[in-house]
There are 2 protein chains.
Amino acid sequence: MSVQERKERERAGRERLIVATARELAEQQGWDAVTTRRLAERIEYSQPVLYSHFRGKREIIGAVALEGAAEMAAALRGATAVADGPRARVTALARAYLDFAEGNPAVYDAMFRLDGGLAFAREDTPEPLKDAFAALLESLGEVAGDGVRPGLFTEVFWAALHGLATLTRAGRLPPEDAGRRVELLVDRLAVV
Amino acid sequence: MSVQERKERERAGRERLIVATARELAEQQGWDAVTTRRLAERIEYSQPVLYSHFRGKREIIGAVALEGAAEMAAALRGATAVADGPRARVTALARAYLDFAEGNPAVYDAMFRLDGGLAFAREDTPEPLKDAFAALLESLGEVAGDGVRPGLFTEVFWAALHGLATLTRAGRLPPEDAGRRVELLVDRLAVV
DNA sequence: TCGATTGTCTAGCGGTGCTAGGATCGGCTC
DNA sequence: GAGCCGATCCTAGCACCGCTAGACAATCGA
């Protein structure tokens, strides 16, 4: 049995190595540079090994997305925990979200822009994704206002943040006023 | 001279054909299916002909984006023209924007998600793109509220719409509550 | 009618995601 | 300890991608 356990351990380790390497490469040079050949070379295995762990490139992106979702949830909770009052929490949440998107663009893309083959907004949505949404909901539910379903409010607020994050990074919005845009968004959307 | 003019006319016609065919193919099967080989086959010329009109695939995407921007601007102005009062105009604008994004997903992607090699939010931004933003500004400037720069307000509102459009289409947001989300967005952001 | 120029095509480069099939290595049985 | 056998991994290759060099043909002006 011990032999089999060791093999499984090694296999799991190699899988983590694949995901970590894909992420690293994506952050360094963008997802376009993450080819199966380059990835295989970096982990010092041949290409087919990748396919013994994942169905294809899409699933690797999905794995990076799940990892990122857990980190984002932690980052959001960390930011809101040290803020006083609902209004301050929402501002901290928005800033933390945009900071995460800016600081981990490849991970953010894996989560929300690319197709990682993951289910969203459904029952069989993977737990890390549900939890990241829950982290948003925890602070945003407080300021949804009367008669507005917290989930619906969270969706709208999230969409606005997502729009700001993607349009800014794609050069569609000038980066200078980023701070003022967040202020305006929180001012108007949150009911304190 | 007449010969040269005829040639230029034919050339311009073929360029329109390329752009129209690329757009059609993208709407039918997605941008991934728009390969230079398939595109060349559809216009019944060989691949290199594409490169005598455009530097590469990116520029073709850019051309589709410009065409789409003009159409979107017209659609937005058409929708707001028949609405009474600032509040109704903003609602109509938001609906028209999301309808355009849903009805022309490939064009929308060319404009705002893919890299078409176009400059945004700068002086040398192509006129159609500036005009599409202007169409947003015309209705949104009315409801920016005191002390808020209309341009900044428009950017935030636009980002929210963009977030809703992209997250919904990518399956990140359930499509059922789309209408309610727009209502909430207009309610909170617009100062009537 | 002939030469030059313009236009178009064939063929091919290096790259992509992915896979079939053979070699090699390890653990298990005798 | 020897030899079998199955798991594991790699080499080689498929069809496709964006893009381009260079040969060829059609068309124009003299």
Side-chain angles (χ1 to χ4, degrees), chain A residues 1-19 21-23 25-26 28-65 106 109-110 114-118, chain B residues 1-19 21-23 25-26 28-65 106 109-110 114-118:
Chain A
M1 279 305 146
S2 164
V3 169
Q4 195 174 341
E5 283 175 10
R6 193 205 69 219
K7 287 202 175 184
E8 278 177 23
R9 241 186 358 256
E10 287 173 355
R11 216 186 130 69
R14 196 171 59 182
E15 189 157 318
R16 280 194 301 276
L17 176 64
I18 293 174
V19 176
T21 306
R23 174 177 177 168
L25 191 50
Q28 284 172 358
Q29 311 184 37
W31 276 107
D32 279 351
V34 183
T35 70
T36 54
R37 279 174 180 76
R38 246 192 293 259
L39 188 49
E41 195 188 4
R42 284 224 185 179
I43 64 167
E44 295 181 319
Y45 282 93
S46 68
Q47 276 179 284
V49 165
L50 301 175
Y51 293 87
S52 72
H53 288 271
F54 301 95
R55 282 177 188 279
K57 192 180 168 182
R58 169 192 300 203
E59 270 199 5
I60 297 176
I61 294 174
V64 172
D109 284 350
L114 302 176
D115 178 11
L118 303 174
Chain B
M1 279 303 145
S2 165
V3 168
Q4 194 174 343
E5 283 175 10
R6 194 204 68 219
K7 289 203 172 183
E8 277 177 23
R9 240 183 2 253
E10 288 173 354
R11 215 185 132 69
R14 196 171 59 181
E15 188 156 319
R16 279 194 302 274
L17 176 64
I18 292 173
V19 176
T21 305
R23 174 176 177 169
L25 191 50
Q28 284 173 357
Q29 310 183 38
W31 276 106
D32 279 351
V34 183
T35 69
T36 53
R37 279 174 180 77
R38 246 192 292 259
L39 187 50
E41 194 189 1
R42 284 224 183 179
I43 65 169
E44 296 180 318
Y45 281 93
S46 68
Q47 278 179 285
V49 165
L50 300 174
Y51 294 86
S52 73
H53 288 271
F54 302 95
R55 282 177 187 277
K57 192 180 168 181
R58 169 191 300 203
E59 270 198 6
I60 297 176
I61 294 173
V64 171
D109 283 350
L114 301 176
D115 178 12
L118 303 174

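Keep in mind it's a predicted model, so treat the numbers as computed, not measured. Within every chain, numbering begins at 1; the chains are lettered A, B, ... in the order of the sequence lines, protein sequences first and strands thereafter.
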Q: Of all the heavy-atom pairs spanning G56(B) and Y51(B), show the shortest one and how long it is.
A: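 So the two residues come closest at CA-CE2, 3.8 Å.
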Q: Find the distance D115(A):CG to dG17(C):C1' and express it as a whole number of Å.
A: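 The distance from CG of D115(A) to C1' of dG17(C) comes to 15 Å, rounded to the nearest Å.
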Q: Can you tell me the distance, in whole Å, between the CG atom of L50(B) and the P atom of dG7(C)?
A: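 From L50(B) CG to dG7(C) P: 16 Å.
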Q.
Counting only heavy atoms not in Q29(A) (residues, nucleotides, ligands), do more than 12 fall under 6.0 Å from its CD?
A.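 Enclosed: over 12 neighbouring heavy atoms sit under 6.0 Å from CD of Q29(A).
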Q) Should we say atom CD of E10(A) is surrounded by more than 12 heavy atoms from elsewhere, each under 6.0 Å from it? A)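 Correct, the count exceeds 12.
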Q: Sugar-phosphate means primed atoms, P, OP1 and OP2; the rest is base. With that split, encode nucleotides 8-21 of chain D 5' to 3' as B, S or - using protein heavy atoms under 4.0 Å.
A: -SBB-B---BBBBB
Q. Between V34(A) and I61(A), is any pair of side-chain heavy atoms under 4.5 Å apart?
A.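 Not touching, per the 4.5 Å side-chain cut-off.
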Q) Is there side-chain contact between H53(B) and E59(B), with at least one heavy-atom pair below 4.5 Å? A)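 Counting from C-beta outward, H53(B) and E59(B) never come under 4.5 Å.
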